[in-house]
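Labels below follow one simple rule: chain letters A, B, ... track the order of the sequence lines, proteins then strands, and each chain is numbered from 1.
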Amino acid sequence: MEIKLDKQKVPFSLDHTLDCGQLFRWQKIGDWWYGVAADNVIKLTQNEEGLIFEAFPDTPNRRFIEGYLRLDDDLPSIFSKIGKDEHIQEAIRRFCGLRLIRQEPWECLISYICATYKSIPAIKKMVNTISRCYGKRLTFNCIDFYTFPEPATLAQLTCKDLEGCGLGFRAERIVETSKRVDSGNLSLEALKRMDYVEAKRELLDLPGVGHKVADCVLLFSLEKLEAFPIDVWIKRAATNLYASHFDSSFIKRVSGKGSITPKEYTTIAQFGREYFGNYAGYAQEYLFHYLRTKQH
DNA sequence: AAGTCC
DNA sequence: ACTTT
């Protein structure tokens, strides 16, 4: 199935989008990207006209793909709102067409609990191992893919089971969080209907979820585009590129250490929201990808 | 090295 | 302090 895209009105880069570090389970084989979403293998490629995609085992659903890839976001309008200075403008120039993905909240939540204190390659390994061990297998084009396991599946595991997936101290947090979601103690869908502050308070109550993980889940899967996750790269952006927006004592204190306190986190996140506006999350994603890829 | 917990 | 690539 095809989706035609008007490059001027709907800038989109499949490569930048699926390679930006938001998702951990997509892989490019030849010209095609393969991933699993909504219990289907999705196969995608981009050409001059737009997108071509397939799905398995269900029939391809255009609406789902459009929503998943956030083709409904008016990127030119978002750029005009967040393009406040030369740094973010440079990031937008280099990665124009990078979009946030409308991830499934459950997989997003567990993925970012895994992300604590880990590199992106290590996170990919953990999330793929969890899927291979406890998800359902889908064989497509002679390749095995796996769905992400349901809350009930992970809730029944012991920490020892999951530690075998190389999760370390994250195993206990994942099992406990799975129990809360499986029992209905926390409804991820209900969080979509809450405002940012209320939804974040609920998420922070889960084991393994601090400010950073909560903001990632809110931004990537719960429609809270004002969320501004602060990881090491964004902290670096704040202290290096945007130092003039903070007290010099704050910059000195924060730049000298690896992790930051919740109060310091809130100070930087507040700046992000006030400076970049309602689409701060998009600014975060462009800065993150820009700074992370600058190293190589 | 996309932090959280005690 | 925690854990692994």
Could you list the residues that satisfy ring-ring contact (aromatic ring centres under 6.0 Å, His included) with [X], not counting sequence neighbours?
X        : value
A/Phe64  : A/Tyr68
A/Phe53  : none
A/Tyr265 : A/His211

Who clusters with A/Leu138? Use side-chain heavy atoms, under 4.5 angstrom, across I, L, V, M, F, W and Y, and order the result by chain and number.
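In the cluster with A/Leu138 are A/Ile29, A/Trp32, A/Tyr34, A/Val36, A/Val41, A/Ile52, A/Phe56, A/Phe140, A/Ile143, A/Phe145.
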Between P of B/dA2 and CZ of A/Arg170, the distance in whole Å:
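Whole-Å distance recorded here is 13 Å.
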Secondary structure of DNA chain B in dot-bracket form (Watson-Crick or G-U wobble, distances below 3.5 Å, | marking inter-strand pairs)
..||..
How long is the gap from OG on A/Ser111 to CD on A/Glu104, to the nearest 0.5 Å?
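Result: 10.0 Å between the selected atoms.
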Whole-Å C1' distance, B/dA1 and C/dC2:
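It comes out at 13 Å once rounded to the nearest Å.
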Establish, from distance only, whether the side-chain atoms of A/Asp215 and A/Tyr112 form a donor-acceptor pair under 3.5 Å.
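Checked: A/Asp215/A/Tyr112 side chains show no N/O donor-acceptor pair below 3.5 Å.
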Less than 3.5 Å apart, any donor N or O on the side chain of A/Gln22 or A/Gln103 sitting next to an acceptor on the other?
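Note: A/Gln22 and A/Gln103 side chains meet the donor-acceptor criterion.
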Any residue in residues 249-266 of chain A with a heavy atom nearer than 4.0 angstrom to DNA chain C? Just list them by number, or reply none.
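Result for residues 249-266 of chain A: none.
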Can you sort out which residues in residues 118-134 of chain A have a heavy atom within less than 4.0 Å of DNA chain C? Ascending by number, please.
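Residues of residues 118-134 of chain A that come under 4.0 Å of DNA chain C are, in numerical order, A/Lys118, A/Lys125.
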If a pair satisfies side-chain hydrogen bond (donor to acceptor under 3.5 Å, both in side chains) and one of its residues is in [range], list it, with sequence neighbours excluded.
range                       : result
residues 54-63 of chain A   : A/Asn40-A/Asp58
residues 239-250 of chain A : A/Asp85-A/Tyr242
residues 127-138 of chain A : A/Arg25-A/Ser131

Quick one, which residues of residues 275-285 of chain A touch DNA chain B with a heavy atom under 4.0 Å?
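Output list: A/Gln284, A/Glu285.
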What residues in residues 212-221 of chain A put a non-hydrogen atom under 4.0 Å from any atom of DNA chain B?
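Only A/Lys212, A/Val213, A/Phe220 qualify.
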Taking the six-membered ring for Trp, does A/Tyr112 stack with B/dA2 (centroid gap under 5.5 Å, planes within less than 30°)?
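Here the ring of A/Tyr112 and the base of B/dA2 are not stacked, as the 5.5 Å and 30° limits are not both satisfied.
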At under 4.0 Å between heavy atoms, what does A/Gly210 touch on the DNA or RNA strands: base, sugar-phosphate, or nothing?
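Touches sugar-phosphate only.
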With side-chain contact (heavy atoms from CB on, under 4.5 Å) as the criterion, how do A/Phe228 and A/Tyr282 come out once you've worked through the C-alpha distance, each side chain's angles and the decisive distance to 0.1 Å?
CA-CA 9 Å; A/Phe228 194 80; A/Tyr282 256 104; over 6 Å; no
